[in-house]
Amino acid sequence: MQLYNTLAKKKQNFTPLDTGGVTLYACGPTVYNYAHIGNLRTYIFEDLFVRVLRTEFPVRHVMNITDVGHLTSDADEGEDKMELGAAREGKSAWDIAKFYEKKFFEDFDSLNCTRPVIICRATEHIKEMLALVKTLEEKGYTYRTSDGIYYDTSKFPAYAGLAGAAHITGLKSGARVEFNDEKKNPSDFALWKFSPKTQKRQMEWDSPWGMGFPGWHIECSAMAMKYLGPTIDIHCGGVDHIAVHHTNEIAQSEAATGKQYVRYWVHGEFLVLRAGKMSKSAGTFLTLDALKAQGYSPLDYRYLCLTAHYRTQLEFTFESLDYARTSLRGLAERVRNLQNNAVDKTALAMLKENFLAALRDDLNAPKALALVWETLKENISDGTKKEFIKFADTVFALDLFKTETLQIPREAQTLLDARAAARKNKDFKKSDELRDEISALGFIVKDTPQGQKLEVK
RNA sequence: GGUGCGGUGGCCAAGUGGUAAGGCGGCAGUCUGCAAAACUGCUAUUCGCGGGUUCGAUUCCCGCCCGCACCUCCA
């Protein structure tokens with residue numbers, strides 16, 4: 001498989017370190033608020049990625065839940081998001097985390113994203129984080145300030161590896177942030193933050209350095225290495241994490257182990273609104289629930305995400321979501337109309353091969369999707385097409401073969417029967433009126449060779 | 001100010017040094033009592049602009065214009 005590796009800034013051929021399988025870590029949600037559809041785009045991309053990898057290798061997929069220590073600023077100032085969410089909603093920080101985690105997985109599941117093999121919460125791995133900070137301290141990478149234990153990035157020469165040296169240098173010249181004076185370098189970051197002296201935090205733990213809570217970056221390093229070992233094949237996340245979060249993860253982990261932390265960094269691009277990016281702080285965000293409330297299915301959104309390459313920004317509009325819904329319904333309809341006849345094994349193998357070749361070329365989902373549409377037009381048996389699309393849907397997970405049993409309300413059925421009778425008598429005026437009445441109930445009637453068929457509008 | 005990504009038909013969106021996937025929409029036909037759906041066909045001589053390299057560039061190089069993202073938390 002070819003993958004664009006952010007570390008190399010080019011496509012590279014991927015093979016797992018251990019032939020027994022791929023180790024993959026994905027940055028999970030910070031559970032202080034609803035996930036928005038931009039967040040969810042990344043999880044859809046990761047799910048597709050894992051499904052494609054699984055056509056070749058077993059995959060050990062680990063995802064974290066950030067339920068502590070994620071501050072509202074990377075300058076290590078500002079408040080902890082969990083505590084902030086708790087204050088906002090008048091609940092405990094623990095309840096907030098639990099609530100939004102549950103909500104997150106509802107969305108995750110409804111988008112047909114496969115749950116990772118291991119889902120780990122930051123609050124349940126404080127011990128591992130402390131051990132990692134301790135190691136870094138022993139190796140001389142840390143220093144203490146009045147508010148925490150910091151990582152000295154100047155001690156790690158390879159610091160700029162992921163983001164690029166020019167970018168790191170640029171931090172100083174054009175910085176818009178006031179840096180903590182006690183920090184030795186602008187890029188230094190907190191490993192452990194002390195609890196404020198004047199107030200008690202809801203989430204705090206004792207440590208060799210005093211009561212406090214972990215920095216955001218340390219959780220991923222500690223948990224990723226606990227479950228996947230010091231060198232991980234693939235680490236995914238959003239592009240926004242390249243410059244700070246992932247750069248810091250590398251610094252911490254490699255300084256501690258002396259080994260390469262991640263072999264392939266794979267980053268998903270943003271979903272953007274016409275007005276700009278989707279942002280929680282700017283109040284410009286849409287949730288999956290909001291789409292559902294407007295009558296869209298989560299899988300309509302999944303389809304939309306599959307029509308764009310994961311490394312290009314995708315502009316979200318309701319117009320494009322409409323298009324996705326129409327396309328998905330049309331595709332499912334065509335698939336349903338395919339006959340179960342003989343399968344041409346040679347043709348099938350060829351189709352699968354082309355399909356996988358597209359996906360294994362840096363996850364080109366739009367191209368793979370186009371192949372599915374083209375297949376429908378090809379001059380091969382329906383059975384072959386059906387078998388192929390069944391296979392394709394194990395990767396796309398669009399439920400193309402799910403036959404929804406439509407619950408027809410009694411009143412609709414009555415109208416339907418009356419319409420059938422009217423048509424039989426060639427009373428088309430009446431049958432058209434009945435069609436309108438059925439339409440008013442929210443259904444579309446289609447006249448097929450097998451009789452009337454009802455669909456939800 | 002620094003860094004990175006991108007500008008492809010009405011819309012969304014792949015792609016390639018050798019002449020533009022796919023979907024949506026639109027148009028026409030088949031089917032239908034009429035629709036809807038389905039099916040068939042058509043729908044970019046052209047890939048932001050200007051140069052250059054080349055037998056040949058949308059694809060490579062240079063400059064410009066425009067958009068977006070990152071450098072504040074964000075996937």
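Throughout, a chain's letter reflects where its sequence line sits, starting with A, and its residues are numbered from 1. Atom set for the values below is all heavy atoms of this structure, side chains included, hydrogens, waters and symmetry mates excluded.
- In this entry the distance linking CG of A:L162 with P of B:C70 reads 16 Å, nearest Å.
- Atom name C1', nucleotides B:U58 and B:A44: the rounded distance is 12 Å, in whole Å.
- A:R311 has its CZ atom 15 Å from the C1' atom of B:A13, to the nearest Å.
- Across the C1' atoms, B:A20 and B:C34 are found 40 Å apart, a figure rounded to whole Å.
- Nucleotide B:C31 holds its P atom 21 Å from the NZ atom of A:K453, rounded to whole Å.
- Checking B:G6 for Watson-Crick or G-U wobble geometry (two distances, each under 3.5 Å) identifies B:C66 as its partner.
- Here the side chain of A:H36 is nearest to one of B:A75, B:A38, B:A21, namely B:A75.
- Counting to the nearest Å, the P atom of B:A75 and the OH atom of A:Y301 are 13 Å from each other.
- Distance NE2 (A:H245) to P (B:C70): 16 Å, rounded to an integer number of Å.
- If you take atom P in B:G22 and the same atom in B:G29, they sit 24 Å apart, rounded to whole Å.
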Q. Step by step, would you call A:D322 with A:Y296 a side chain to side chain donor-acceptor pair (under 3.5 Å)?
A. CA-CA 8 Å; A:D322 278 340; A:Y296 297 96; 2.6 Å; yes
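- For A:S327, whose side chain is taken as the heavy atoms from C-beta onward, the closest listed nucleotide among B:A14, B:C24, B:C34 is B:C24.
- Of the charged side-chain nitrogens involved, none lies within less than 4.0 Å of a carboxylate oxygen, so that A:K98 and A:D67 do not count as a salt-bridged pair.
- Distance, A:I65 CD1 to B:A75 C1': 14 Å, rounded to whole Å.
- For the side-chain hydrogen bond (donor to acceptor under 3.5 Å, both in side chains) with A:H267, the qualifying choice from A:T42, A:N5, A:T6 is A:T6, the only one to do so.
- Which of B:G33, B:A36, B:A75 sits closest to the side chain of A:S431 comes down to B:G33.
- Comparing B:C34, B:A21, B:C24 by their closest approach to the side chain of A:W373 singles out B:C24.
- With B:C24, B:A37, B:C34 as the choices, the nucleotide that has an atom nearest any side-chain atom of A:D432 turns out to be B:C34.
- With a 3.5 Å ceiling on both atom-pair distances, B:U58 lacks any Watson-Crick or G-U wobble partner.
- The CZ atom of A:R336 sits 12 Å away from the P atom of B:C39 (whole-angstrom rounding).
- Separation of the P atoms belonging to B:G15 and B:U8 is 14 Å when rounded to the nearest angstrom.
- If you check every strand for non-hydrogen atoms under 4.0 Å, A:K446 touches a base.
- Residue-level contact check: A:V372 touches neither bases nor backbone, having no heavy atom under 4.0 Å from any strand.
- The side chain of A:N364 has B:G15 as its nearest neighbour among B:A38, B:G22, B:G15.
- For the P atoms, the distance linking B:G50 with B:A57 amounts to 14 Å, nearest Å.
- In terms of polar N and O atoms assigned as donor or acceptor, the side chain of A:R435 comes within less than 3.5 Å of the base of B:C34 in a complementary pairing.
- A:H241 and A:W216 have perpendicular rings, their planes meeting at more than 60° on a 0 to 90° scale where under 30° would count as parallel.
- Pairing for B:U72 is absent, with no Watson-Crick or G-U wobble pair whose two atom distances lie under 3.5 Å.
- Residue A:S439 places none of its side-chain N or O atoms closer than 4.0 Å to OP1 or OP2 of B:A36.
- Residue A:K377 is classed as a sugar-phosphate contact, given heavy-atom separations below 4.0 Å to backbone atoms only.
- Checked against B:C70, B:C34, B:G22, the side chain of A:R419 finds its nearest nucleotide in B:C34.
- Electrostatic pairing of A:D300 and A:R329 does not count as a salt bridge here, judged by no charged N lying under 4.0 Å from a carboxylate O.
- For the pair A:E374 and A:R423, nearest-nucleotide mapping onto RNA chain B gives the more 5' position to A:E374.
- Using a 4.5 Å heavy-atom cutoff, the side chains of A:K292 and A:S297 are not in contact.
- Not a single donor-acceptor contact under 3.5 angstrom links the side-chain atoms of A:N337 to the base of B:C39.
- Distance alone, capped at 3.5 Å, places no donor-acceptor pair between the A:S320 side chain and the A:F316 backbone.
- Considering only the side chain of A:A370, B:G22 comes nearest among B:G25, B:A14, B:G22.
- With no hydrogens or angles considered, a side-chain donor-acceptor pair links A:D417 and A:Q413 at under 3.5 Å.
- Each of A:P366 and A:G237 was matched to the nucleotide of RNA chain B holding its nearest heavy atom; the match closer to the 5' end belongs to A:P366.
- Contact annotation for A:H267: no contact, since no heavy-atom pair falls under 4.0 Å across all strands.
- Rounded to the nearest Å, the gap between the C1' atom of B:G26 and that of B:G9 is 12 Å.
- Taking the C1' atom of each, B:U72 and B:G2 are spaced 15 Å apart, rounded to whole Å.
- B:A37: no Watson-Crick or G-U partner with both key distances under 3.5 Å is found in any strand.
- A:E333 comes within 4.0 angstrom of sugar-phosphate atoms only, judged by non-hydrogen atoms across all strands, and of no base.
- Considering only the side chain of A:L271, B:A75 comes nearest among B:A75, B:A14, B:C12.
- Nearest nucleotide to the A:F270 side chain, out of B:A13, B:C70, B:C24: B:C70.
- Here B:U32 sits opposite no nucleotide as a Watson-Crick or G-U wobble pair (both hydrogen-bonding atom distances under 3.5 Å).
- A salt bridge is defined here as a Lys NZ or Arg NE, NH1 or NH2 lying under 4.0 Å from an Asp or Glu carboxylate O, and A:D344 with A:K385 fails to meet this definition.
- Residue contacts shown for A:T307 are limited to sugar-phosphate atoms, with no base heavy atom under 4.0 Å away.
- Atom C1' of B:U19 sits at a distance of 11 Å from the matching atom of B:U59, rounded to the whole Å.
- Per the geometry, CG belonging to A:D240 stands 5 Å off C1' belonging to B:A75, to the nearest Å.
- Pairing of B:U45, defined by two Watson-Crick or G-U wobble distances under 3.5 Å, is not identified with any nucleotide.
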